[in-house]
Each structure stands twice: as structure tokens, then as C-alpha cells.
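Beneath this line is the structure, given in C-alpha cells, with notes to follow.
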2 protein chains.
Amino acid sequence: MDEKRKVSIAVVKRLPRYYRYLSDLLASGITRISSKELSTRMGITASQIRQDLNCFGGFGQQGYGYNVELLYNEIKKIMGITTNFKTVIIGAGNMGRALATYPNFEKRGFELVGIFDVEPSLIGGSVKGIKIMHLYTLEKFCVDNKVDIAILTVPHDRTPEVAEYATRCGIQALWNFSPMDLKVQNGAIIENVHLSDSLMVLGYRLNEKRES
Amino acid sequence: MDEKRKVSIAVVKRLPRYYRYLSDLLASGITRISSKELSTRMGITASQIRQDLNCFGGFGQQGYGYNVELLYNEIKKIMGITTNFKTVIIGAGNMGRALATYPNFEKRGFELVGIFDVEPSLIGGSVKGIKIMHLYTLEKFCVDNKVDIAILTVPHDRTPEVAEYATRCGIQALWNFSPMDLKVQNGAIIENVHLSDSLMVLGYRLNEKRES
DNA sequence: TAGATTGTTAATCGATTAACAATC
DNA sequence: TAGATTGTTAATCGATTAACAATC
């Protein structure tokens, strides 16, 4: 009895954006907002906002609009920010260490519980008070700690094996920073970040602008 | 006389992916490929591949398929990888320094020419052989060097003013890492990265999977 | 040549936008 | 109550997929 159909990925990808705007509204003391007013701020249509939100429920009120705090908390729940995902970083290089100190992740409900690497000179060190451990101890670590997510910031050529190992340890979600499409393994969920892809799109758009 | 209509952003965003797959094919010594075979590897339809490529020209040959090296070089040109964009990093914190050492950017035609910050303890130091300079010297630096792109890895609250300053210095493209939608200023092109948005989507999908 | 595979047009699908009755 | 604005259905738009004639 699967009564509600799956929300499209296009909608899901807009949710963090709604969350950011609502957070800003809340911070500036605005308590109610109409889809019309929000659409002006976000640069999308009011129709789209109402359609998107109605995938999850009727959070508004006719003639009034939306209560900012209520809507903010609803999206917080929908996005799982209240879940407190236990997260490990695999790969304690520059990018791994940068992500470890990224302040936004904790605010969004992601708790860093461990950092792993294979490089002897790094192991035993710590980032943000969290010890860097040897990757081979991840399996034991996952038995003791219920790890939800692994952030993969490992060299390109090691990524597939590390991903495979992480999922074998029972980690169900991978956030991959290598410039490759990691294939789903052992049923794990994967988000590929592809920073250089994004930069290449910027380059394309810059050339396009200059040519016009 | 604008005879060719603008390529949709959906297509442009797939180009780096084609580029990666072709690079891999080239590395493994495969010299020709059909849209059918490539579609299997990439997990998209052959129709989409042919449609996408034909936005830019007819690179294939009936009965044969595509020459891998030729197609690779065409996409390289289309994406502007041959352009060698001069790039500066603004914000020499953890993320800025991590990006400075990210090996893929140079390979993709982005040359790091300067790093800027306002923090006195950082200025004078260097990353990857490139001196960290005071942000207020950026204007002069841009007069002496033709800077194409600024990578913004500055704190959230300083981002709008820094972006505005960078564009006033004549920089036409910004790659923004702050969790906010930077508005186009002085006609500059902007790509927002939004790492925490991506992580939140991963969290949503993980919850969704667990609930099913 | 015959088989394979492109380039391109037409059909389908899904996402966005418009419209409006319901109702606060 | 009258005005405003939602939730939702219908219309539109654009992107993806299918089909196939052209041709290597």
C-alpha cells in the first residue's frame, strides 16, 4: 500500500534552498510569508513553491500564507536534519581536513565521529579534536559506532576499493569527492560532488559570455 | 544573425561527464566507440548522447561510431579547457588551501595565479609556491594579470562584499563556496557550489531508503 | 554490398507554469 | 464580510526517448 508516490529528485534538490531562505527569514524576524513574496526573493515562481511544498503536506493557510517558523521546522524534519547522522571522513588530506572543519555540517545535523587514512605520518594526529585512525580499523569502529555516512576524499585511483570497503563495513551512504561516478555498491546511496565538473561549467559559461 | 540557439544548461552540465568517460576510454586504449556502447557505460540512452553531441556538431560517422580521441579533443575545445583560465583564490582558510592543491584543476585548464586573504597571520605565507597576498592588493594584481575567475572561500557573512569587490576588479566569473545564492553583479557569471545542500540531499535519500 | 550506426525528426514523458475554486 | 492566498487541477513547455532515413 504505497499510497504516496516518490518525490522527484528535482524537488528534493530544491529543499535545501528553501531551508536556507527560511532560515534567513527567521533570522530577520519575519514570521509569515506568502508564496508570492518568497518567489520574488528566490527568483522562482510561486506556483513552483506551492507545488513543491505540497509534495510533503499542506503547510500554508489560505489568505494568510506560510508561518515561517513552522515551515522551517517542517523542512528540517523532511530533510532529516533532526536525525543527527553519524559521519566519518575517509582520506585526511587537504580536502578531508577542510571538510572536517566546515562549520555548516554540524548545523545541518551531520556529526563527525571519525577520520580515517592509510598514511602512517597522519595517523595518530587529530583534526578538530578527532583522532585520525588507520583505515583498517574502520570495520571495528563501525561495529562500535553506528556510522551512517562516509565522506570520501581519497585519491582517484583508490576510490573504488575504499568505497567498496566502506559499504562492506555497513555504511549505507557515501559522499564522493573523486572525479568519477561511483557505482552503487551493496545497496549504498551515493552522492557524487564533482568539483571540477562544476568549475568546467563555469569556464564554459564564461567563454559563451565572451563570445556573445 | 544568431543562427544557432543556446545550448541548454542540462546539456552543458553533462559535458564534463562525457569528457571524463572519454578520457578513461583514451587511457585504456579504446580508439572508437558507438553511442550504444557509451550509453551502456554511462547509464544514459544512446539517443541522449547523440542529441547532446549534435548541439555542437556531427562528430560521428554512420556505421562506425565516434573516434574517441577526436571526440575527446572536441569536447576539450567546447568546454574551454584549452583556454587556460587565470584563477585566483580569495580566502586562504582550510577550503581555500585544499582547493589550491586540488590536482584536477590544472589538468582542466585552470591556472592558479594568486591567493588572497585579509588575515595578517596568513599574508606572506604561501600555498603550492604561490604567495598569499592581502585582499586589498587584488585590484592592482588584476591590472597586472588578466584574471578570469575568482574562487570564493570566504566566511558566509563576508561573501557578498568580497564578491562585489572581485567583480569591481574586473573578474568576470565567480565560483562560490558559501552556503548562499550569490546574485550576479556587474554582469559576472556565478556558479554556486553549495556543499551542504548536496550533503542534505544525501541525508534525505538515506532516510527515504530506510523508511522504505 | 550488407550491416552498423549516425544525425535528425517525431513522439513521449515529466516538470514547470497558469488558472481557479476552496477557504482562511 | 471582502480580500488574500492556498491547494490542486489543467495547460504549457522543454527535455528525453524512440524511430528511421541517410550513409559510411
Side-chain angles (χ1 to χ4, degrees), chain A residues 2-18 21-22 25 30-75 78 181 201 204, chain B residues 2-18 21-22 25 30-75 78 181 201 204:
Chain A
D2 189 358
E3 70 283 334
K4 62 181 172 188
R5 75 170 153 306
K6 204 164 171 285
V7 175
S8 88
I9 189 68
V11 175
V12 174
K13 282 189 175 166
R14 280 194 292 268
L15 290 176
R17 202 152 168 262
Y18 289 124
Y21 276 84
L22 288 163
L25 287 170
I30 294 168
T31 56
R32 58 180 269 196
I33 192 146
S34 68
S35 58
K36 177 105 187 312
E37 164 67 9
L38 189 56
S39 80
T40 307
R41 290 174 181 252
M42 295 183 68
I44 57 179
T45 63
S47 241
Q48 181 162 71
I49 292 172
R50 296 203 299 277
Q51 286 276 28
D52 283 354
L53 297 178
N54 276 88
C55 294
F56 304 98
F59 305 128
Q61 195 167 75
Q62 284 100 327
Y64 173 89
Y66 297 88
N67 178 295
V68 173
E69 193 176 0
L70 183 140
L71 188 55
Y72 174 81
N73 285 319
E74 286 294 340
I75 292 183
I78 292 163
D181 301 324
V201 171
Y204 176 91
Chain B
D2 189 359
E3 69 284 333
K4 61 180 174 189
R5 74 170 155 305
K6 204 163 172 283
V7 176
S8 88
I9 189 68
V11 175
V12 174
K13 281 189 174 166
R14 281 193 292 270
L15 290 176
R17 204 154 166 260
Y18 289 124
Y21 277 84
L22 287 164
L25 287 169
I30 295 168
T31 56
R32 58 180 268 194
I33 192 145
S34 68
S35 58
K36 178 105 188 312
E37 164 67 9
L38 188 56
S39 79
T40 308
R41 290 174 182 251
M42 295 183 67
I44 57 178
T45 63
S47 240
Q48 181 162 72
I49 292 173
R50 295 203 300 278
Q51 286 276 29
D52 283 354
L53 297 178
N54 276 88
C55 292
F56 305 98
F59 305 127
Q61 196 166 74
Q62 283 101 328
Y64 173 89
Y66 297 87
N67 178 294
V68 173
E69 194 177 358
L70 183 139
L71 189 55
Y72 174 81
N73 286 319
E74 286 295 341
I75 292 183
I78 293 162
D181 300 325
V201 171
Y204 176 91

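Hydrogens, waters and symmetry mates play no part in the numbers below; they use all other heavy atoms, side chains included. All values reported here derive from a predicted model rather than from experimental measurement. Below, read A as the first sequence line, B as the second, and so on, with proteins coming before strands; counting in each chain starts at 1.
- Here the P atom of nucleotide D:dA15 and the NZ atom of B:Lys13 are 12 Å apart, to the nearest Å.
- The CG-C1' distance, from A:Asp52 to D:dT8, rounds to 14 Å in whole Å.
- For the atom pair A:Leu70 CG and A:Thr31 OG1, the distance stands at 12.0 Å (nearest 0.5 Å).
- Here C:dT6 presents its C1' atom at 12 Å from CZ of B:Arg32, a figure rounded to the nearest Å.
- Taking both residues in full, the closest heavy atoms of B:Phe56 and A:Tyr204 are given as CE2-OH, 3.7 Å, listed atom of the first, atom of the second, then distance.
- As rounded to whole Å, 15 Å separates atom C1' of D:dT5 from atom CG of A:Asn67.
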- Quick one: what's the B/S/- string for nucleotides 18-24 of chain D, heavy-atom cutoff under 4.0 Å, read 5' to 3'? BBB-BBB
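- Taking atom CG of residue A:Asn54 and atom P of nucleotide D:dT6, one finds them 10 Å apart after rounding to whole Å.
- Close to C:dG7, at under 4.0 Å from its OP1 or OP2, lies a side-chain N or O of B:Tyr66.
- Here CG of B:Asp181 is found 7.0 Å from CE of A:Met42. Values are rounded to the nearest 0.5 Å.
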- Per-residue pairing states of DNA chain D in dot-bracket (Watson-Crick or G-U under 3.5 Å; . unpaired, | other strand) read ..||||||||||||||||||||||
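- Put simply, B:Arg14 has no side-chain N or O that comes within less than 4.0 Å of OP1 or OP2 on D:dA15.
- To the nearest 0.5 angstrom, B:Gln48 atom CD is 10.0 Å from B:Leu53 atom CG.
- Results of the side-chain hydrogen bond (donor to acceptor under 3.5 Å, both in side chains) test with A:Arg50 over A:Ser39, A:Ser35, A:Ser34 single out A:Ser35 as the only residue that passes.
- In this structure a side-chain-to-backbone donor-acceptor pair under 3.5 Å is present from A:Arg32 to A:Tyr64.
- With distances taken from any side-chain atom of A:Ser8 to the nucleotides D:dT6, C:dT16, C:dA15, the minimum falls on C:dA15.
- Look at CD1 on B:Ile49: it is 9 Å from P on C:dT6, rounded to the nearest Å.
- Separating the CG atom in A:Leu25 from the CD1 atom in A:Ile33 is a distance of 4.5 Å, to the nearest 0.5 Å.
- Distance check: A:Ile30 CD1 to A:Arg41 CZ gives 4.0 Å after rounding to the nearest 0.5 Å.
- Side-chain N/O atoms of B:Ser35 include one lying less than 4.0 angstrom from OP1 or OP2 on C:dT6.
- Following rounding to the nearest Å, A:Glu37 (CD) and D:dA4 (P) show an atom-to-atom distance of 15 Å.
- Put simply, CG on A:Asp52 and OH on A:Tyr18 are 3.5 Å apart, with the number rounded to the nearest 0.5 Å.
- Atom NZ in B:Lys36 sits roughly 15 Å away from atom C1' in D:dT17 (whole-Å rounding).
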